[in-house]
Amino acid sequence: TSGSASTLQDYAKDKLSKQMVELFEACQQQACDLTRKETCRSRLQKDIQSVFPVARLYLTGSSMSGLGCRSSDADLCLVLRGSTQGSPDPIHILTVLQAFFRPLGYLEKIHLIRAKVPILRFREKGSGLEFDLNVNNTVGIRNTFLLRSYAYADLRVKPMILAVKKWARHHQINDASKGTLSSYTLVLMVLHYLQTLGEPVLPSLQKDFPECFNPSMEIDMIPEGPRHIPPYKSQNKSSLGDLLQGFLKYYSSTFRWDTQVISVREGKALPKNKSAEWRNKYICVEEPFERNNVARAVHEQMKFNTIKSKFAASTQILAQSKDLNALLPVRATI
Ligand code: ATP
Ligand code: MG
């Protein structure tokens, strides 16, 4: 309709916003990147089925959500059903897979990471493409579909998230294994900010379309694309640059880390209750399906202080000069 913004350029008339679009266009995952990941997934699935006939392999994470860069890894979820009674021990399965992968010839640097969700990490020879494979962590398939639906709900979501990921990476606060923020946590923080603006850029999709995000939906019924979800018609016409500035400012001064929990599921901040999930945690970000804390990796006061100081310093920097290069070296990033 007349007057309503419909292209990314409508949100990028100023310098900072234009720089964000430029970064996005240079870095976002290309169709050929996804094809390469998909080809390798299907080859792996076929090979794994010779050991575990009922195995299914799903591509998850930023490769599938539309929130990835060209350099993003490929997250894989191996779903085993009907193999044993009860749930198979993931460490055991991954150890078997590790031994099976070694002689295959097209994978290298295969190693097991014994995290809360254990993963097998490896690279595809030649392309250098990195994979993180988990076993039966099916919540990742559900939340990837949720993230993908948000990514397509408004044109500004993808460039915003890409800029925030690059910013956090540049400032070394994007590594859960080092006590800072996982990419997944950062994505939920951006979505929360966009949901809670006076004039929201995003709704709660779980509230608006409960049938699409039913947490007990069968894995195979989870759609690949957000076909059934119409784009959200936001009255908020803020530019990308204003949103980035607002995001940094929100977490510098508005959001209360000590009393609030980020809930993308509810589309608002919830008060911290006394449950063990939130007690004595510096940052509380609710997993939209399992409702545990995805930011539990931040467990050191020092790391928490570093994260807060990066938000505060970057807010100051943007107030002085609305130039993305002042926040992260754009050219070097591209
Ligand atoms: P990048 O582009 O940096 O690889 P990403 O969007 O793939 O980022 P990751 O943090 O690598 O994000 O997580 C990959 C996927 O794993 C997420 O999209 C999500 O589906 C799942 N995931 C990660 N952390 C959690 C968690 N704490 N709880 C549930 N699912 C998680
Ligand atoms: Mg990833």
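Counting starts at 1 for both ligands and their atoms, following the listed order. Please read these numbers as outputs of a predicted model, since none were measured by experiment. All values below were derived from every heavy atom in this structure, side-chain atoms included, with hydrogens, water molecules and symmetry-related copies excluded.
- Remark: ligand 1 atoms within the under-4.0 Å shell around heavy atoms of V294 are 27 (N).
- At a heavy-atom cutoff of 4.0 Å, ligand 1 is contacted by the side chain of D75 but not by its backbone.
- Counting heavy atoms from C-beta on, the side chains of L97 and L78 come closer than 4.5 Å.
- A donor-acceptor pair under 3.5 Å links the side-chain atoms of Q19 to the main chain of L324, judged by distance alone.
- How far CD1 of I262 is from CZ of F255: 4.0 Å, rounded to the nearest 0.5 Å.
- Here the shortest heavy-atom distance to atom 3 (O) of ligand 1, taken over P288, S183, A115, S72, belongs to S183.
- A donor-acceptor contact shorter than 3.5 Å links the side chain of T180 to the backbone of D175.
- When the Mg ion (ligand 2) is compared with the N/O/S atoms of D73, atom OD1 turns out nearest.
- No side-chain heavy atom of E38 sits less than 4.5 Å from a side-chain heavy atom of S63.
- Nearest to atom 21 (C) of ligand 1 among the protein's heavy atoms is N143 OD1, 4.1 Å.
- The nearest protein atom to atom 28 (N) of ligand 1, hydrogens excluded, is given as E287 CG, 3.8 Å; this is a heavy-atom distance.
- Taking every heavy atom of G140 and a limit of under 4.0 angstrom, the matching atoms of ligand 1 come to 20 (O).
- With atom 22 (N) of ligand 1 as the reference point, the heavy atom nearest to it among F145, F289, Y184 is part of Y184.
- Between T144 and ligand 1 there is a heavy-atom distance shorter than 4.0 Å.
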Going through the checks in order, is the salt bridge (charged side-chain N to carboxylate O under 4.0 Å, His left out) test met by K37 and D75? CA-CA 10 Å; K37 290 172 181 176; D75 301 288; over 6 Å; no
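- Residue E290 does not touch ligand 1, judged by heavy-atom distances below 4.0 Å.
- The minimum distance between the Mg ion (ligand 2) and any N, O or S atom of D75 involves atom OD2.
- At the top of the distance list for atom 15 (C) of ligand 1, counting protein heavy atoms only, stands G61 CA, 3.6 Å.
- Counting protein heavy atoms only, atom 2 (O) of ligand 1 is closest to S62 OG, 2.8 Å.
- Residues F101 and I48 are in side-chain contact: their nearest non-hydrogen atoms beyond the backbone lie under 4.5 Å apart.
- Aromatic ring pairs are classed by plane angle as parallel below 30°, tilted from 30° to 60° and perpendicular above 60°; the pair Y193 and F247 is perpendicular.
- Applying the 4.0 Å criterion to heavy atoms of R169 picks out, from ligand 1, the atoms 3 (O).
- Under the 3.5 Å distance criterion, with hydrogens and angles disregarded, no donor-acceptor pair is assigned to the side chains of Y282 and N305.
- Within the structure, the closest approach of K165 to ligand 1 falls below 4.0 Å when heavy atoms are considered.
- In terms of N/O distances under 3.5 Å, ligand 1 is not approached by L147.
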With salt bridge (charged side-chain N to carboxylate O under 4.0 Å, His left out) as the criterion, how do R56 and D220 come out once you've worked through the C-alpha distance, each side chain's angles and the decisive distance to 0.1 Å? CA-CA 10 Å; R56 298 263 297 148; D220 283 328; 3.8 Å; yes
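- Within the 4.0 Å heavy-atom criterion, neither part of E130 lies near ligand 1.
- Note on D132: not counted as a metal contact of the Mg ion (ligand 2), no N/O/S atom lying under 2.8 Å.
- Side-chain atoms of R142 come within 3.5 Å of backbone N or O of P215 as a donor-acceptor pair.
- If you check which protein heavy atom lies closest to atom 4 (O) of ligand 1, you get D73 OD1, 3.1 Å.
- Counting non-hydrogen atoms of other residues, nucleotides and ligands closer than 6.0 Å to CZ of R102 gives a total above 12.
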